There are 2 protein chains.
Amino acid sequence: MLAHFTLADAGRRLEDLETPVPVIDIDVVERNLRRWQQRCDEAGLANRPHIKTHKLVPLAKAQIELGAKGITVQKLGEAEVMADAGITDMLLTFNVVGGHKLGRLADLARRTAIKLVADNEAVLEGLSQAAAQAGRGIEVLVECDTGAARNGVQSPAAAIALAQAIDRMPGLAFGGLMTLPKNGARQQMAEFLGEAQAGLAASGLDVPTVSTGGSPDMWKDDGLAQVSEYRAGTYIYMDRMQVAAGSATPDDCALTVLSTVVSVPTGDRAMIDAGSKSLTSDLVGLEGYGEVRALSGARVYNMSEEHGFLDISRLNHKPRVGDLVRITPNHVCPVTNLFDKVVLVRGSEVLGAVRVDARGTVQ
Amino acid sequence: MLAHFTLADAGRRLEDLETPVPVIDIDVVERNLRRWQQRCDEAGLANRPHIKTHKLVPLAKAQIELGAKGITVQKLGEAEVMADAGITDMLLTFNVVGGHKLGRLADLARRTAIKLVADNEAVLEGLSQAAAQAGRGIEVLVECDTGAARNGVQSPAAAIALAQAIDRMPGLAFGGLMTLPKNGARQQMAEFLGEAQAGLAASGLDVPTVSTGGSPDMWKDDGLAQVSEYRAGTYIYMDRMQVAAGSATPDDCALTVLSTVVSVPTGDRAMIDAGSKSLTSDLVGLEGYGEVRALSGARVYNMSEEHGFLDISRLNHKPRVGDLVRITPNHVCPVTNLFDKVVLVRGSEVLGAVRVDARGTVQ
């Protein structure tokens with residue numbers, strides 16, 4: 001897996017790194033990727049990992065090499081970075097709206113097999129223009145709101161109607177159904193999708209792909225009978241949220257934010273140099289903003305932008321100024337987006353730094 | 001003020017911008033800066049604005065041109081960018097710990113008049129080494145915890161002891177007292193600082209600077225009698241949090257995140273392309289993650305990374321796919337840190353894009 005990477009600053013020790021910085025255990029990454037690919041293979045699911053979590057070309061290539069059918073991206077900027085690296089099978093799971101974006105989409109469609117989603121007719125006109133500009137057809141999946149109350153058509157009937165509208169639109173081909181289900185509500189999803197599939201079959205439209213996603217429910221089998229493709233992002237690194245959801249163990253968490261203790265003002269509090277500009281303020285229903293496993297799960301109970309407040313009240317051996325701590329974040333996906341580079345490690349052995357290729361790319 | 005900027009993509013309209021992107025009304029910025037400088041002048045306070053909020057060299061220069069004594073930075077990376085632009089009077093309000101950082105500090109001390117803070121003796125050894133390496137003295141202020149329960153010595157006696165330790169340390173000079181008080185607790189701050197100042201006077205140590213900060217209480221006079229310097233960051237842009245605190249009006253909010261409506265799945269919900277990777281998930285005690293003033297204050301009630309969920313239930317005229325909305329964020333400081341560029345505007349006239357000079361710089 002390391003063959004894909006160009007590593008900078010090799011040969012350093014953890015103590016030599018400038019904190020805060022995300023450190024990623026490449027062995028844990030590889031184990032997470034292999035395990036999930038095996039599960040997809042056994043379940044007959046095409047694996048289409050979401051690269052929003054890592055935003056790294058070498059890891060996208062590793063995912064494909066291990067068996068992923070292609071990748072999922074959430075914005076044009078991510079797609080452009082991956083296309084520049086030679087990845088062509090991409091699904092962009094966000095309505096593309098607006099003149100400049102449609103020009104960029106046309107450029108991508110010319111050089112890749114990028115597929116899109118849509119959940120309303122207003123979006124289709126632009127996609128059709130982009131296809132015309134690219135001089136080739138674009139596949140468009142219908143995004144269905146099967147319970148998550150985010151984007152998506154609101155009923156199977158609306159899904160069928162939109163699929164037919166796609167089919168009629170010059171340059172566009174109906175590519176199937178796509179949804180991000182509500183956590184724990186796969187049966188609801190299956191009923192929605194089943195009804196839409198039956199209606200589409202009756203109307204003579206093929207459904208090439210039925211794509212679902214979400215890491216919290218990734219190991220559950222219910223409701224997947226008619227699904228052909230799975231999109232998961234977090235599974236590559238895992239995080240506190242996935243551990244809380246039961247889809248990962250603490251050992252599966254590959255990314256921690258390496259931070260330095262800069263002050264121990266009281267016996268209850270250590271201050272670290274990772275705050276909301278390093279960990280994000282995502283709470284996702286958890287207590288605290290992250291935890292240090294090596295310190296009995298001591299929590300980051302408060303944050304400023306560059307300060308983390310570590311609860312050390314229950315520790316017998318209190319950390320000291322200069323100590324390094326590794327924080328498991330609540331939600332790992334937005335963390336690497338905050339950093340221009342991350343560091344690969346094996347345990348506490350530093351392998352080297354890599355640039356976050358698609359960090360902060362424009363939508 | 002615009003003279004400081006090199007603008008890219010001039011001549012565009014709001015409709016031509018790729019969303020999401022922060023747009024900053026430069027007239028509102030100028031009014032905010034002038035008003036605060038006038039207040040500092042009238043109150044006899046040295047103005048040392050915190051550049052963590054904007055991270056833009058041109059705005060730091062404008063602040064100094066309008067009367068600021070120097071700037072505040074929160075990390076070495078910010079200091080390095082500002083030093084490269086020729087700004088020399090800087091206060092870095094964070095303990096600097098760790099070998100590589102001390103080398104960078106020595107380099108900064110060689111070419112600027114950077115001042116530091118410390119709240120514990122363990123930090124002093126490194127600062128002294130950096131001063132020796134730089135070949136010049138470094139001023140160090142004692143950070144006091146006057147109620148905010150973040151960094152800082154815990155008592156006036158501890159402040160005096162640390163000041164004396166600084167005074168004894170080769171290459172270091174005691175620069176005064178620094179605190180970020182708890183919001184609404186300036187009297188508590190004044191008592192702490194007054195006791196420390198009295199003790200320092202009795203021990204024969206001058207207190208060149210007494211530095212406090214914080215935007216929510218910036219207009220309040222209580223507790224400021226012995227303060228000589230004020231550090232505020234948010235006042236340049238203002239945000240929902242400052243409006244809620246009574247330190248700004250909605251008209252004072254200079255930065256909004258321009259976003260596009262990409263879906264209107266129901267009459268209650270419009271989906272926009274600004275989520276937690278654009279607005280951050282900072283709640284700071286407010287309801288929602290931001291609001292659209294032009295839509296009767298419609299709130300962003302939920303977010304994914306690239307999705308914002310806009311509550312349109314109370315609107316008579318519902319937004320449509322393709323509409324632009326301008327979102328006032330809860331907490332503006334971490335927002336520009338998410339973007340490589342921001343766009344300057346006057347009302348709805350686009351002036352041009354500028355690079356966020358110190359975005360994501362290493363700590």
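Basis for what follows: all heavy atoms, side chains included, without hydrogens, waters or symmetry-related copies. Source: prediction; values computed, not measured. Throughout, a chain's letter reflects where its sequence line sits, starting with A, and its residues are numbered from 1.
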Seminar exercise, completed: Cut-off 4.5 Å, heavy atoms of chain A, and the answer for Asp273(B) is both

Problem set entry | Which portion of Thr266(B) sits near chain A, non-hydrogen atoms under 4.5 angstrom | side chain

Can you tell me which of [options] forms the most heavy-atom pairs within a distance under 4.5 Å of chain B?
options	value
Leu338(A), Val362(A), Asn337(A), Thr280(A)	Asn337(A)
Leu283(A), Leu17(A), Asn95(A)	Asn95(A)
Gln74(A), His307(A), Lys341(A)	His307(A)

Does a side-chain heavy-atom distance below 4.5 Å link [X] with [Y]?
X	Y	value
Lys52(B)	Lys277(A)	yes
Val262(B)	Val123(A)	no
Glu306(B)	Gln363(A)	yes
Thr19(A)	Lys101(B)	yes
Arg359(B)	Asp340(A)	yes
Asp145(B)	Arg269(A)	yes

For the candidates [options], which exhibits the highest count of non-hydrogen atom pairs separated by less than 4.5 Å from chain A?
options	answer
Lys75(B), Arg150(B), Met303(B), Arg320(B)	Arg150(B)
Glu15(B), Arg104(B), Glu143(B)	Arg104(B)
Val321(B), Thr260(B), Asn302(B)	Val321(B)
Gly360(B), Ser304(B), Ser276(B)	Ser304(B)
Cys333(B), Ala149(B), Gly322(B)	Ala149(B)
Ala158(B), Gly152(B), Pro20(B)	Pro20(B)

For this session: Using the side-chain hydrogen bond (donor to acceptor under 3.5 Å, both in side chains) rule, take Asn151(B) and Ser263(A) through it: C-alpha gap first, then chi angles, then the decisive distance, then the call.
Result: CA-CA 7 Å; Asn151(B) 279 28; Ser263(A) 179; 4.5 Å; no

For this session: Quick one: pull up CZ in Phe94(B) and CE in Met271(A) and give me the separation to the nearest 0.5 Å.
Result: 7.0 Å

Exercise. Above 12 or not: heavy atoms from other molecules or residues under 6.0 Å from NZ of Lys318(B)?
Worked result: yes

Problem set entry | Engaged part of Ile272(A) at the chain B interface, taking heavy atoms whose separation is under 4.5 Å | backbone

Seminar exercise, completed: Cut-off 4.5 Å, heavy atoms of chain B, and the answer for Asp282(A) is both

